[in-house]
Amino acid sequence: MLLSPAMFSDHHCFTLTARMSDSDEAKTSEEESQLAEQETETQEGEMTKNLKKRDLDAVEDEDSNNESSRLEKLEKKIKKETARKLETDFVLTGEEDDDALPLACSICQNPFLDPVVTNCNHYFCDKCALKHHTENDTCFVCNEPTLGLFDTAVEIKERIEEEREKARAMVKEVTAMLEKASTMADDAKGVAQKVVKMVEEIETMVEKVAAMATKAGETATMAADMVKEAEETMETAKANMSKAFVRR
């Protein structure tokens, strides 16, 4: 079959149109594919960023927890060492420190009674030292020979007196605080009683006012009745006067 020039032209245009359409579709499909890849990369980038941020937050939280744990352990250690030091400072022992003197006998573990000191500078009650010497002629603490020599522990007596003075001062201070607290309690009690009395007086006044209001209401009612009765009497008088004039 032979194609006419017009038919050949139409066929050629149709072919070009088809090719252009296929090209546009291919181009559109390629652009959509690129956009999809870009969106996927963007989403992956956001996910990676979020994961990194989460990991950093987790690391920071872990570091914070580790730091808190370390500080807690350090605080506990300091408290423990402080408590141990205080216990060491205040436990009553028979050995003499450089800066402090004992307050209790190493033998009986009780506060000194008539304290004495040995040549090796250890302190005991007089009776405890003599009793121990009858059984052993060495020091109870260091086993050095005492030779039966026990001097009066003047420094211990002075320290005991100082501690007693401190205790008396503390007792005096506490007594003053208790007296002040008692005075404040009495004042508060007096104020409370005054308040109770004022409340009772106010309640009495309220009752009186209520009674007066009731009485005033009753008086007002009586006055209204009297006014009504007077009006009725006046009307009756007027009527009688009118009748009298009519008769004349």
Just so I know, are the side chains of K127 and L113 near enough to count as touching, which here means a heavy-atom distance under 4.5 Å?
no

Specify the closest pair of heavy atoms between C108 and C125, including all atoms of both residues, with the distance to one decimal.
SG-SG, 4.0 Å

So does R168 pair up with E161, basic N to acidic O under 4.0 Å?
yes

Using side-chain contact (heavy atoms from CB on, under 4.5 Å), reason through T118 and F124 one step at a time and then give a plain yes or no.
CA-CA 8 Å; T118 63; F124 309 99; 3.7 Å; yes

Write down the atom of C139, the atom of H132, and the distance for their closest heavy-atom approach.
C-NE2, 4.1 Å

Decide yes or no on side-chain contact (heavy atoms from CB on, under 4.5 Å) for C142 and H122, but give the supporting numbers first.
CA-CA 9 Å; C142 65; H122 292 115; 3.5 Å; yes

The reported gap from CZ in F150 to CG in N119 (rounded to nearest 0.5 angstrom) is 9.0 Å

Interatomic distance, OG1@T236 vs CD@E229, rounded to 0.5 Å, equals 10.0 Å

OG1/T146 to CG/D137 distance, rounded to the nearest 0.5 angstrom?
6.0 Å

V154-F112 co-clustered via ILVMFWY side chain contacts under 4.5 Å
no

Got a second to check how far E158's CD is from E162's CD, nearest 0.5 Å?
7.0 Å

Give, for atom CG of D114 and atom SG of C105, the distance between the pair rounded to the nearest 0.5 Å.
11.5 Å

Considering all heavy atoms, the nearest A129-I107 contact
N-CD1, 4.3 Å

Other residues, nucleotides and ligands only: do more than 12 of their heavy atoms fall within 6.0 Å of CD on E165?
yes

Quick one: CD on Q193 to CG on D186, what's the gap to the nearest 0.5 Å?
9.5 Å

